[in-house]
Amino acid sequence: MDNFMILDGRVAVVTGGRRGIGLAIAELLTRRGANIMIGDRTIDESIKTAQIVAAECGCRVEAMQVDVSDFSSANALIEAAMDAFGRVDILVNNAGVTRDTLIMRMTEEDWDFVLDINLKGAWNCCKAVVRPMMKQRYGRIVNISSVSGLAGQAGQTNYSASKAGLVGLTKALAREVASRGITVNAVAPGFVPTALTNDLPQELKDGMMKLIPLGRWGQPEEVAAAVCFLASEEAAYITGQVLSVDGGMMMM
Ligand code: NAD
């Protein structure tokens with residue numbers, strides 16, 4: 001059991017890894033021994049903490065400015081990881097945005113913006129990484145969905161659709177690549193306090209809290225733990241699944 005969830009020698013690409021849940025994922029994967037390539041629309045000082053953690057663990061964290069909604073940018077991210085580390089074993093499609101409003105007020109641009117980043121962005125990165133993973137006959141892809149994609153959330157027709165779309169993408173791709181030693185799974189977080197959720201109205205937060213059997217918000221590190229497991233050797237027999245990390249909110 002000493003080697004449980006050890007990722008020594010593995011290489012992970014984490015999109016949206018500059019802050020929030022993505023940064024927690026990058027930090028945990030590097031603590032387990034993986035080298036990381038972070039791809040984010042903005043790269044700032046915040047990734048320094050992950051680089052310090054990595055150095056302590058004898059690993060490296062590199063970062064690159066990308067827009068995952070653009071295929072050539074997503075492809076460049078995977079190529080940069082290949083150039084830096086020689087392989088890509090793990091892809092975490094974590095980059096995500098919201099543009100919440102009721103459908104009556106939502107613009108076509110609000111819809112396209114969210115779908116292009118959350119869903120097409122994940123597809124772009126999957127498409128770019130599948131070839132090298134197939135050659136290696138090894139890969140772990142983890143898509144960050146959401147409780148909103150499973151249950152739907154008023155004011156989030158765009159976001160809920162993108163996150164539900166990720167579930168379909170996860171299952172379809174899992175079937176396509178299973179014979180090559182590649183697994184594809186999704187993690188569906190509930191409510192986690194980050195920059196993404198800061199501005200949600202207090203009444204909505206209070207209402208959501210009542211639906212959480214464990215009676216508290218989740219932490220980025222708790223989502224990261226689920227991602228790390230699905231990215232590990234030990235999860236080899238799990239594919240096409242959606243793992244909720246939501247304090248029991250979506251219990252069925
Ligand atoms: P966050 O806003 O802190 O982080 C999102 C990151 O994605 C940011 O660093 C941002 O710069 C990056 N990003 C945005 N657009 C990008 C693009 N086009 N290309 C590359 N990077 C881009 O939010 P978070 O809460 O840490 O969310 C991380 C993921 O978890 C998202 O997919 C989100 O939908 C999902 N999620 C979050 C919660 C929550 O409660 N926080 C719940 C369920 C799911």
Side-chain angles (χ1 to χ4, degrees), residues 14-28 38 40-47 49-50 67-69 92-122 142-167 186-228 242-252:
V14 182
T15 70
R18 145 185 85 113
R19 67 180 191 194
I21 293 171
L23 184 60
I25 293 169
E27 285 187 3
L28 182 57
I38 288 175
D40 203 297
R41 198 172 42 185
T42 312
I43 297 297
D44 58 21
E45 293 291 293
S46 61
I47 64 146
T49 59
D67 176 359
V68 293
S69 67
V92 185
N93 281 310
N94 165 81
V97 291
T98 52
R99 252 201 208 172
D100 297 353
T101 190
L102 298 174
I103 197 166
M104 293 293 284
R105 282 192 221 118
M106 190 176 287
T107 62
E108 191 181 351
E109 203 262 328
D110 292 332
W111 169 269
D112 288 343
F113 178 73
V114 171
L115 269 287
D116 279 355
I117 294 173
N118 296 8
L119 185 54
K120 188 181 166 207
V142 184
N143 296 317
I144 307 300
S145 179
S146 166
V147 66
S148 302
L150 305 180
Q153 177 68 43
Q156 290 193 326
T157 49
N158 50 1
Y159 183 79
S160 299
S162 72
K163 295 297 182 178
L166 278 178
V167 173
V187 168
F191 186 89
V192 181
T194 65
L196 193 82
T197 48
N198 262 349
D199 297 337
L200 285 177
Q202 193 56 43
E203 333 168 357
L204 182 75
K205 292 185 193 172
D206 293 345
M208 277 164 78
M209 183 66 95
K210 291 193 189 113
L211 303 173
I212 304 174
L214 285 178
R216 63 174 177 85
W217 307 133
Q219 292 303 314
E221 293 73 21
E222 293 174 311
V223 178
V227 172
C228 186
V242 183
L243 177 53
S244 290
V245 181
D246 62 1
M249 212 173 168
M250 288 301 298
M251 200 183 300
M252 279 187 259

(request) Grab the two heavy atoms, one from Gly247 and one from Pro213, that are nearest each other, plus how far apart they are. (result) O-CD, 3.3 Å
(request) Taking atom types as modelled, find out whether Thr49 and Glu27 have a side-chain donor-acceptor pair closer than 3.5 angstrom. (result) yes
(message) Under a 3.5 Å distance rule, please check whether Asn143 uses its side chain to pair with a backbone N or O of Ala186 as donor and acceptor.
(response) no
(request) Kindly compute the distance separating OG (Ser162) from CZ (Arg99), expressed to the nearest 0.5 Å. (result) 13.0 Å
(request) Show the numbers, then the answer: is there a side chain to side chain contact (heavy atoms under 4.5 Å, CB included) between Val242 and Met250? (result) CA-CA 11 Å; Val242 183; Met250 288 301 298; over 6 Å; no
(request) Taking the side chain as every heavy atom from C-beta outward, state whether Val192 and Val245 have any atom pair closer than 4.5 Å. (result) no
(message) Measuring only between side-chain heavy atoms, which start at C-beta, is Glu221 closer than 4.5 Å to Leu28?
(response) no
(message) When you measure from the side chain of Asp206 to the backbone of Glu203, do you find a donor-acceptor pair of N or O atoms at a distance under 3.5 Å?
(response) no
(request) Could you tell me the separation between the CZ atom of Arg18 and the CG atom of Asn94, rounded to the nearest 0.5 Å? (result) 11.5 Å
(message) Could you report the tightest heavy-atom contact between Ile117 and Val68, atom names first, then the distance?
(response) O-CG2, 3.9 Å
(message) Ignoring hydrogens and geometry beyond distance, is a side-chain donor-acceptor pair present between Asp44 and Ser46 at under 3.5 Å?
(response) yes
(message) Testing the 3.5 Å rule here: is there a donor-acceptor pair between the side chains of Ser69 and Asp67?
(response) yes
(request) Report yes if some heavy atom in the side chain of Met208 is under 4.5 Å from a heavy atom in the side chain of Leu204; otherwise report no. (result) yes
(request) State, to 0.1 Å, how close Asn118 and Gly96 come at their nearest heavy-atom pair, and which atoms those are. (result) OD1-CA, 3.3 Å
(request) May I ask you to test the Ile144-Pro189 pair for a side-chain heavy-atom distance under 4.5 Å? (result) yes
(request) Output yes when a side-chain donor or acceptor of Asn158 lies under 3.5 Å from a complementary backbone atom of Asp100, and no otherwise. (result) no
(request) Give a yes or no on whether the backbone of Leu196 and the side-chain of Thr194 come within a donor-acceptor separation of less than 3.5 Å. (result) yes
(request) Starting at CD of Gln156, measure out to OG of Ser146 and round the result to the nearest 0.5 Å. (result) 6.5 Å
(message) Can you confirm whether more than 12 heavy atoms, excluding those of Glu108, are under 6.0 Å from its CD atom?
(response) no
(message) Could you report the tightest heavy-atom contact between Thr157 and Trp111, atom names first, then the distance?
(response) O-CZ3, 3.6 Å
(request) Compare all side-chain heavy atoms of Ile212 with those of Asp246 and state whether any distance is below 4.5 angstrom. (result) no
(message) Testing the basics here: between Gly17 and Ile47, what is the closest heavy-atom pair and its distance to 0.1 Å?
(response) O-CG2, 4.3 Å
(message) For Ser148, is there any backbone N or O sitting under 3.5 Å from a side-chain donor or acceptor partner on Ser160?
(response) yes
(message) Rounded to the nearest 0.5 Å, what separates atom OH in Tyr159 from atom CG in Leu119?
(response) 12.5 Å
(request) Any chance you could measure Thr98, atom OG1, to Gln153, atom CD, to the nearest 0.5 Å? (result) 11.5 Å
(request) I would like to know whether Val187 and Val92 meet side chain to side chain contact (heavy atoms under 4.5 Å, CB included); could you show each step before the answer? (result) CA-CA 10 Å; Val187 168; Val92 185; over 6 Å; no
(request) List the steps, then state whether side chain to side chain contact (heavy atoms under 4.5 Å, CB included) holds for Lys205 with Trp217. (result) CA-CA 10 Å; Lys205 292 185 193 172; Trp217 307 133; 3.9 Å; yes
(request) State, to 0.1 Å, how close Val147 and Met249 come at their nearest heavy-atom pair, and which atoms those are. (result) CG2-SD, 4.2 Å
(request) Give, for atom CZ of Arg41 and atom OG1 of Thr15, the distance between the pair rounded to the nearest 0.5 Å. (result) 11.5 Å
